[in-house]
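These notes concern the structure reproduced below.
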Amino acid sequence: EDHQATFQEVMKEASPFNFLLTKVTGIPAEFNNKLSVHIKDILSVEMGELVESAQFNFMHDIPWLMEQYPAEHRSKPLLIVHGEERQGKVTLHEGAQNFPNITMCQAKLDMIYGTHHSKMMLLLYTNGLRVVIHTANLIEQDWYQKTQGVWISPLFPKLDKSQMSSDGITGDSITHFKKDLVEYLTMYKSFSLLRWKQHILQHDFTSAKVFLVASVPGRHTGESKNKWGHMKVRKVLGKQGPQASFVKNWSVAGQFSSVGSLGADQSKYLCGEWLQSMLSAKGVGTLYAAKDVTIKTLKLIFPSKENVRTSLEGYPAGASIPYNIQNARKQQYFHAFLHKWKADKRGRSRASPHIKTYALLSPDSKNAAWFMVTSANMSKAAWGTLEKNGNQLMIRSYEIGVMFLPEYFVDGGEQFSLVEDQSTEATPYFPIPWDVPLEPYTKADRPWVWDIPYTDKPDSHGNAWIPG
Ligand SMILES: O=C(O)c1c[nH]c2c(-c3ccccc3)cccc2c1=O
């Protein structure tokens, strides 16, 4: 339908998963009316009367960001949480100098090569608090013609004083979302976030049905080893995941917009460590030994050169897909797992993916046992890498995402349907961004690499790509 859905209609349709995509300029209206939001919708007065907000991100264009708030909200206190240092920090502060309502919080990055990737909005209203976890930088380009993911929490009402307890966390959900979010904020050791920690403690998060999956820089040992990165996934799936017998022969799907150095062969990190966590299930630690992993077990979705060339933005979309030739050359094994970006169902096959999503897919790809949307790309820096004989998880970056498990949305739920007309009460439809079944690269396809030239075929704007 072409009528502009109101935000209330969108949020009603989005329930109970509240997982939406950003609106894309240049695709048919119907695809922007279905489970889609723009940043102005998220910050609109329809969501509530704002008291103050916090914007966690990697890139912030502050004058542009202020434009996205409705006029009556532009003077409300705004905390910018970033990881900029040196000139980047100077430039960021310059952008903020005309806005007296802005406070800056520089996340400490003690691990070299770490970045503050987390993308989250904390929105305090007169009648409650909302958490938005998403994948888009706070720059115009990221909200224009890309595929981005957004999880919008329910409105968490204020706890009344009687419900508050001095110790411990009251008003949490069975997924411990509130406790995990408070612990994440605590790791910044920042005074300005102490205030937001208080706001969160004072609100009732019992309606939060997702698990928080986050990363914070450091060398995590003991209990903390399982609080972050891929080891949090391993813990959640091992305790509350699908029954191992139910998901035998299912495959992990990983979809991302950048790739780090994963090591000389797949058995080390990709299949030997990271995949072991993603394949974790109730009852057994893992489902496959690393040596048994085949391209049946792991399906990776990453834009091919052709995906980028023919995208709405053309080759410039590749400026946000920073896979470098140095890493690509060292890990040809990785390319065997690759599938194209295809999203016809959502009208976004040409909206270059900046979203990052992960799932456990049934052999026929018609069902999923869990789904995750996160800022975390396919890299050790984001997910962490085990050290000291598996006793320590080393993470370089801040990341944040949410994980959806069926049984927290449907009593006894075991799987989501990925095909809308085959969903039932017991197997609700989950609106994934990409098309299933997945389409493997052809022999001629190459993964997008951002630091080599492409002059053989012009892009959708008639241009070549000659990196600086
Ligand atoms: O977290 C995010 O969203 C992103 C993180 N890094 C990006 C980079 C980059 C690549 C190497 C070194 C520093 C920055 C380049 C272009 C887009 C992104 C990006 O979008």
Side-chain angles (χ1 to χ4, degrees), residues 21-22 24 39 55-62 64-65 80-89 91-92 106-107 109 111-121 132-151 213-217 229 254-262 301-303 305 307-308 311-328 330 341 351-358 372-384 395-402 433 447-452 465 467-468:
L21 301 180
T22 53
V24 174
I39 185 167
Q55 293 282 358
F56 295 64
N57 219 298
F58 174 70
M59 293 187 211
H60 300 73
D61 172 344
I62 289 182
W64 174 83
L65 171 61
I80 299 287
V81 184
H82 65 90
E84 301 287 359
E85 298 165 324
R86 297 181 295 278
Q87 183 50 46
K89 182 175 179 180
T91 308
L92 187 67
Q106 178 188 351
L109 280 165
M111 311 289 287
I112 186 165
Y113 305 124
T115 54
H116 186 260
H117 268 182
S118 296
K119 297 171 173 69
M120 172 165 68
M121 305 183 190
V132 178
I133 291 174
H134 63 102
T135 65
N137 285 292
L138 293 171
I139 61 175
E140 188 163 23
Q141 278 302 94
D142 267 40
W143 296 81
Y144 178 52
Q145 293 190 312
K146 298 180 188 298
T147 298
Q148 303 271 17
V150 183
W151 172 74
V213 178
S215 293
V216 289
Q255 176 273 314
F256 37 81
S257 62
S258 187
V259 191
S261 168
L262 301 171
I301 305 162
F302 182 74
K305 177 221 160 188
N307 281 147
V308 175
S311 71
L312 292 164
E313 297 170 274
Y315 284 130
S320 296
I321 308 173
Y323 187 24
N324 65 47
I325 188 67
Q326 182 192 349
N327 285 338
K330 286 187 306 187
W341 168 256
S352 186
H354 188 261
I355 188 173
K356 295 91 174 144
T357 56
Y358 302 82
M372 193 168 17
V373 58
T374 169
S375 60
N377 278 304
M378 188 68 244
S379 77
K380 293 178 177 177
W383 288 103
I395 295 178
R396 297 184 187 278
S397 297
Y398 292 86
E399 308 282 353
I400 197 160
V402 293
W448 169 261
V449 167
W450 79 329
D451 53 354
I452 59 175
W465 176 257

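Order of appearance sets the numbers: ligands from 1, and atoms from 1 within every ligand. The chain is numbered in sequence order, starting from 1.
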Any nitrogen or oxygen of [X] lying under 3.5 Å from a nitrogen or oxygen in ligand 1? Just yes or no.
X      : result
Lys119 : yes
His354 : yes
Asn137 : yes

| field | Contacting atoms of ligand 1, where contact means under 4.0 angstrom from a heavy atom of Ser320 | value | 16 (C), 17 (C)
| request: Number the atoms of ligand 1 from 1 as they appear, then name those within less than 4.0 Å of a heavy atom of Ala319, with their elements. | output: 15 (C), 16 (C), 17 (C)
| task | Compute the ring centroids of Phe56 and Tyr398, then answer whether they are less than 6.0 Å apart. | result | no
| request: Would you confirm whether Gln148, through its side chain, and Asp142, through its main-chain N or O, come within 3.5 Å as a donor-acceptor pair? | output: yes
| field | Backbone of Asn327 reached by a side-chain donor or acceptor of Asn324 within 3.5 Å | value | yes
| message | Side chains of Lys89 and Gln106 only: does a donor on one sit below 3.5 Å from an acceptor on the other? | response | yes
| request: Report the relative orientation of the aromatic rings in Tyr358 and Trp383; use parallel for angles under 30°, tilted for 30 to 60°, perpendicular for over 60°. | output: perpendicular
| task | Look at the aromatic rings of His134 and Trp143 and report parallel, tilted or perpendicular, splitting at 30° and 60°. | result | tilted
| field | Protein contact to atom 8 (C) of ligand 1 [nearest heavy atom, distance to 0.1 Å] | value | Pro322 CG, 3.9 Å
| request: Would you mind checking which non-hydrogen protein atom is closest to atom 6 (N) of ligand 1, with the distance to 0.1 Å? | output: Phe58 CE2, 3.4 Å
| note | Quick look: Ser258 vs ligand 1, heavy-atom contacts under 4.0 Å, and the answer is neither
| query | Would you say Val373 and Lys356 make side-chain contact, with heavy atoms under 4.5 Å? | reply | no
| message | Is atom 17 (C) of ligand 1 near the protein, in the sense that some protein heavy atom lies at less than 4.0 Å from it? | response | yes
